[in-house]
Number of protein chains: 2
Amino acid sequence: MNSKDERPTKFRRSTSTRDTIMKAIIDWPGHFSAEELSGSLPSVSRASVFRTLAALQESTLICRVLVDGGTTRYRFGGGQHHHHLVCLECGEIQDIPDCDADEFSRRIASRHGYTIASHQLELYGYCSNCKTLD
Amino acid sequence: MNSKDERPTKFRRSTSTRDTIMKAIIDWPGHFSAEELSGSLPSVSRASVFRTLAALQESTLICRVLVDGGTTRYRFGGGQHHHHLVCLECGEIQDIPDCDADEFSRRIASRHGYTIASHQLELYGYCSNCKTLD
DNA sequence: CATTAATTGAGACTTTATCTCAATAGTGTA
DNA sequence: TACACTATTGAGATAAAGTCTCAATTAATG
Ligand SMILES: [Zn+2]
Ligand SMILES: [Zn+2]
Ligand SMILES: [Zn+2]
Ligand SMILES: [Zn+2]
């Protein structure tokens, strides 16, 4: 699936509700919570927002960012596998396009007898702005 | 902090409540949810279990495992930084003692102007048992 | 247009976690 | 040991996050 195809396999019909949600996600500046997204779309039910968010995560159209402390935020994923850099001070989230995990994965997989299907990596730290303050 | 010191800096007094919780965590076979831990300790309040769990995560005495799909499980961390291998079929969770993230971290850090403080990596796949079934 | 099944909305419900605050109990000092 | 001080706890209220139900709506197909 490429990033222009806004309909994951799971969806069998295209609907205006989902168009509305997708547009909001793509246009959202930065990251958002499910609740924030839902709140910004009064014409769409909460259930639909959660359903769409869940379905989109199966593709890489949406990525879930695990903010330190356990809160979950989302952002448009652009259709590319990637990881995140989260600033612990200001909360900024940057995408990291490179992924080095494959070789590591293979080594671990053979050592533990696993077949690796996916992985999740998040880096936490301080952005250039925040590390010069305090 | 080493794994024998069962009192993170955040705690200023040692209490029997926390001793009870720590013992349950150390003795727990495998991973558990906050609710399961709390349920197994009727003499300890839920709030104390959550408070202790949160405090212990600041050290590596407890590690939080992010199970695919968003559920959170915990396990005794042994005081060592490590990652996890989660079986998507049976839910088994293995610790991965090696961590290759440092070099990757440094490269990303300089490229994005970040100072990296920590990271989280989880691998998802199928254990040797489950991959032969189905 | 009619049929069929996917999708939706509204709200109840569940799960997970945090908060409040009075009561309890460590810890250091006398 | 007794006292003062304050960290910690318990119980329950509350909040946050996500799921579920089901009748009504709507896309797709012919
Ligand atoms: Zn991303
Ligand atoms: Zn990766
Ligand atoms: Zn672990
Ligand atoms: Zn690591």
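Quick note on labels: first sequence line is chain A, next is B, and so on, each numbered from 1.
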> Hydrophobic cluster mates of A:Y114, side-chain heavy atoms under 4.5 angstrom, ILVMFWY only, any path?
Replying inline: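 So far as hydrophobic clustering goes, A:Y114 is joined with A:L85, A:I96, A:F104, A:I108, A:I116, A:L121, A:L123, B:L85, B:I96, B:F104, B:I108, B:Y114, B:I116, B:L121, B:L123.
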> With the sugar-phosphate defined as primed atoms, P, OP1 and OP2, and the base as all remaining atoms, what B/S/- string results for nucleotides 4-19 of chain C, 5' to 3', for protein heavy atoms under 4.0 Å?
Replying inline: -BBSBBBB-----BBB
>> Using the ring pair (Phe, Tyr, Trp, His ring centres under 6.0 Å) criterion, which residues pair with A:H119? Sequence neighbours excluded.
In response: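 A:H119: ring pair (Phe, Tyr, Trp, His ring centres under 6.0 Å) contacts with A:H81, A:H83.
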>> Test of understanding: with ring pair (Phe, Tyr, Trp, His ring centres under 6.0 Å), list the residues that count as partners of B:Y74, not counting sequence neighbours.
In response: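 If we apply the ring pair (Phe, Tyr, Trp, His ring centres under 6.0 Å) test to B:Y74, skipping adjacent residues, there are no hits.
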>> Rounding to 10°, can you tell me the angle the first-five-pair axis of the helix from C:dC1-D:dG30 to C:dA30-D:dT1 makes with its last-five-pair axis?
In response: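 Answer for the end axes of this duplex: 40°.
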> What integer distance in Å separates B:L41:CG from D:dA11:C1'?
Replying inline: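 About 17 Å, once rounded to whole Å.
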>> Looking only at side-chain N and O atoms, does A:S45 offer a donor or acceptor that is under 3.5 Å from a partner on A:S48?
In response: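 On atom types as modelled, these side chains qualify, holding a pair under 3.5 Å.
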>> Listing request: all salt bridge (Lys or Arg N to Asp or Glu O under 4.0 Å) pairs with a residue in residues 72-82 of chain A, at least two apart in sequence or in separate chains.
In response: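 Listed once each, the pairs are A:E36-A:R73, A:R75-A:D95.
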>> Give me each pair satisfying salt bridge (Lys or Arg N to Asp or Glu O under 4.0 Å) with a member in residues 40-54 of chain A, each pair once, sequence neighbours excluded.
In response: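 For residues 40-54 of chain A, and leaving out neighbouring residues, the salt bridge (Lys or Arg N to Asp or Glu O under 4.0 Å) pairs sorted by first residue read A:E35-A:R46.
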>> Using the salt bridge (Lys or Arg N to Asp or Glu O under 4.0 Å) criterion, which residues pair with A:D102? Sequence neighbours excluded.
In response: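 Expected list: none.
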>> If the condition is side-chain hydrogen bond (donor to acceptor under 3.5 Å, both in side chains), which residues does A:Q94 pass it with, not counting sequence neighbours?
In response: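 Counting only residues at least two positions away or on another chain, A:Q94 forms a side-chain hydrogen bond (donor to acceptor under 3.5 Å, both in side chains) with A:E92, B:H112.
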